[in-house]
Amino acid sequence: MRIVDLTEETKKDLLDSLLKRSPNNYDSYTATVNEIVNTVRAYGDKALHDYTLKFDKADITQENIVVTEEEIAQACEAAEKSGIMQVIKKSAENIRIYHEKQKQYSWFDSKPDGSILGQKVTALSKVGVYVPGGKAAYPSSVLMNIIPAKVAGVEQIIMTTPPRKDGKVNQGTLAAAYVAGCDRIYKVGGAQAIAALAFGTDTIPKVDKIVGPGNIFVALAKKAVFGFVSIDSIAGPSEILVLADETANPKYVAADLLSQAEHDEMASAILVTTSRELAEKVSLEIRRFTEILSRKEIIEKSLENYGYILVAKTMEQAVEAVNQIASEHLEIMTKNPFDIMTKVRNAGAIFLGEYSSEPLGDYFAGPNHVLPTNGTAKFFSPLSVDDFIKKSSIISYSKEALAEVHKEIEKFAESEHLTAHANSVRVRFE
């Protein structure tokens, strides 16, 4: 990894480089995605079948598009035999417990004058969860997307995932969906799956919101249907930033940086440190680890494109850079990580101390691993129970309560030249 001094110029170059990875910059794919979305909207299931045959080489029809109970049972049996089922169940329980603490409830506040104000919290009716297939099949993401929806009280959770050529679906994905409590699973992927969830077909119901990760076609399709349905976010490539001082273990820092670099060639791995000695040791450890890791080629390309070690003069300068980068994952490996954490404003998830490595959050701890990327941690939050509810304001006034304020309301309305608004209140006291 390149080692550079942290200056305003190098920071600007880094930020410009990272922003190039945003899905908003892939306009060359937009026309293709829009064509797929519009075709599915117009022709429904027939378009789904045609696109699945074209892109996934699988012959999927209305008769076999739904994952059967038998297929789910086989997947769960395979997961039990491999030993992964118990891990999935433990992870699911941790995720459920964490998200239970996020639940919001309706509230009402009544006053002696007869006025009642409140907020009614209602879970979404139907949610669609997109799950990638093939090499990018991640059962952990199935848990992270479905469980918060279940905790929120969503009535129906629909999952779509692309099939293999033989028409089967990744068994780990199915086992995780069963544990999480998914209601129905369809064998369809890509932009066509997003369109089906957004507009509905004879087979797949229209949902209120679509969540879940995917490739650039999925990301752009979610962007295209936003407004017809709600979406979680337009996710970019994975990223990690480690903030460290001279007390950090270079082997741990290197291993954690590589844990994200292996995702894909667009992933970013950044170390910001106040110690040049640590920077050089981490660079050596990265070279050593890379030689023995299975995804060596991807890691090397990722680090070549978006791998940086920035050496800051002071911790204040380092923290400032952290806040400007606003990374998806932030690890703090310093002498006093909790103290440094209080100065961090922008990060998707914050991991404190040398034994809180990023994969802990990916798989097991409980907080959601669906996080804001590409600097959007400045204004977005991790996926949560809040993403699966909506709120309605409640207003109830008695005649006596309205009588106290009706002239003020009329005056306000008239100041905006909305005389019908004023009249709506005035007629009640004529």
Side-chain angles (χ1 to χ4, degrees), residues 24 41 98-129 145 147-158 183 197-200 205-211 222-234 323 326 342 345-348 367-368 370-372 375-430:
N24 292 321
R41 186 179 186 182
Y98 181 87
H99 287 82
E100 285 281 356
K101 293 179 172 63
Q102 297 177 337
K103 288 183 73 171
Q104 294 194 44
Y105 300 91
S106 301
W107 58 267
F108 300 90
D109 181 23
S110 59
K111 295 180 180 180
D113 64 4
S115 63
I116 300 174
L117 300 178
Q119 181 173 272
K120 184 176 183 290
V121 176
T122 308
L124 301 183
S125 178
K126 291 187 182 72
V127 166
V129 177
N145 281 279
I147 291 175
K150 293 292 289 187
V151 170
V154 173
E155 294 176 13
Q156 191 173 17
I157 300 173
I158 307 298
D183 294 299
L197 290 170
F199 301 112
K206 171 180 166 52
V207 300
D208 302 312
K209 184 165 188 170
I210 302 172
V211 301
K222 287 167 74 175
K223 184 178 178 181
V225 301
F226 177 64
F228 296 100
V229 293
S230 177
I231 62 171
D232 50 355
S233 64
I234 308 295
N323 282 324
T342 63
R345 295 180 58 86
N346 305 321
N368 211 288
V370 180
L371 304 167
T376 59
K378 292 175 182 175
F379 45 82
F380 282 147
S381 305
L383 191 73
S384 72
V385 171
D386 288 348
D387 287 286
F388 300 100
I389 63 171
K390 56 190 179 70
K391 303 166 187 175
S392 302
S393 301
I394 303 296
I395 302 167
S396 175
Y397 267 49
S398 65
K399 182 178 181 179
E400 292 73 21
L402 186 60
E404 289 289 323
V405 297
H406 78 93
K407 290 184 178 179
E408 293 165 288
I409 299 169
E410 292 163 26
K411 187 173 184 179
F412 212 152
E414 288 166 351
S415 76
E416 294 184 349
H417 307 291
L418 297 174
T419 55
H421 279 64
N423 186 60
S424 171
V425 176
R426 185 182 297 113
V427 295
R428 286 166 166 77
F429 297 96
E430 290 176 346

Item to check | NZ (Lys390) with more than 12 external heavy atoms under 6.0 Å | outcome: no
Next on the checklist: Between Val225 and Arg41, is there a side-chain heavy-atom distance shorter than 4.5 Å?
Outcome noted: no
Item to check | pair Arg426-Glu414: side-chain heavy atoms closer than 4.5 Å | outcome: yes
Next on the checklist: Please determine whether side chain to side chain contact (heavy atoms under 4.5 Å, CB included) holds for the pair Ile231 and Val211, giving the CA-CA distance in whole Å, both sets of side-chain angles, and the decisive distance to 0.1 Å.
Outcome noted: CA-CA 6 Å; Ile231 62 171; Val211 301; over 6 Å; no
Item to check | Donor-acceptor contact below 3.5 Å, side chain Asn323 vs main chain Arg345 | outcome: yes
Checklist entry - In Å and rounded to the nearest 0.5 Å, what is the CZ to CG distance from Phe379 to Asn346? => result 10.0 Å
Next on the checklist: With a 3.5 Å distance limit and no angle check, can you tell me whether Ser106 reaches the backbone of Val121 through a side-chain donor-acceptor pair?
Outcome noted: yes
Checklist outcome for this item: Rounded to the nearest 0.5 angstrom, the CD1-OG distance for Ile409 and Ser424 is 9.5 Å
Next on the checklist: Please check this pair: side chain of Lys206 against backbone of Ala198, looking for a donor-acceptor N/O pair closer than 3.5 Å.
Outcome noted: yes
Checklist outcome for this item: Of all heavy-atom pairs linking Lys222 and Ser233, the shortest is NZ-O, 3.4 Å
Next on the checklist: Contact between Lys103 and Val151 at the side-chain level, heavy atoms closer than 4.5 Å - yes or no?
Outcome noted: yes
Checklist outcome for this item: Minimal heavy-atom distance between Ala123 and Ala152, with the atoms involved, is CB-O, 3.3 Å
Checklist entry - Considering the options Pro148, Ser384, Pro367, which one meets the side-chain contact (heavy atoms from CB on, under 4.5 Å) requirement together with Tyr98? => result Pro367
Item to check | Min side-chain heavy-atom separation Val127-Ile158 under 4.5 Å | outcome: no
Checklist entry - Which heavy atom in Asp183 sits nearest to a heavy atom in Gln156, and how many Å separate them? => result OD2-CA, 3.3 Å
Item to check | Gln104 side chain reached by Val385 side chain, heavy atoms, under 4.5 Å | outcome: no
Next on the checklist: Please give me the minimum heavy-atom distance between Leu124 and Asp387, naming the atom from each residue.
Outcome noted: CD1-O, 3.9 Å
Next on the checklist: Show the nearest heavy-atom pair for residues Glu410 and Ala422, with the distance to one decimal.
Outcome noted: CG-O, 3.6 Å
Next on the checklist: Can you classify the ring geometry of Phe429 versus His406 as parallel (below 30°), tilted (30 to 60°) or perpendicular (above 60°)?
Outcome noted: parallel
Checklist entry - Less than 4.5 Å apart, any side-chain heavy atom of Phe226 and any of Ile234? => result no
Item to check | Side-chain touch Asp113/Glu404, heavy atoms, less than 4.5 angstrom | outcome: no
Item to check | Interatomic spacing from CG in Asp109 to OG in Ser115 - rounded to 0.5 Å | outcome: 8.0 Å
Checklist entry - Do you know which two heavy atoms are closest between Asn145 and Phe388, and how far apart they sit? => result O-CZ, 3.7 Å
Checklist entry - Quick one: CZ on Phe108 to CD on Gln119, what's the gap to the nearest 0.5 Å? => result 9.5 Å
Item to check | Spacing of Ile395 atom CD1 and Ile116 atom CD1 [to the nearest 0.5 Å] | outcome: 12.0 Å
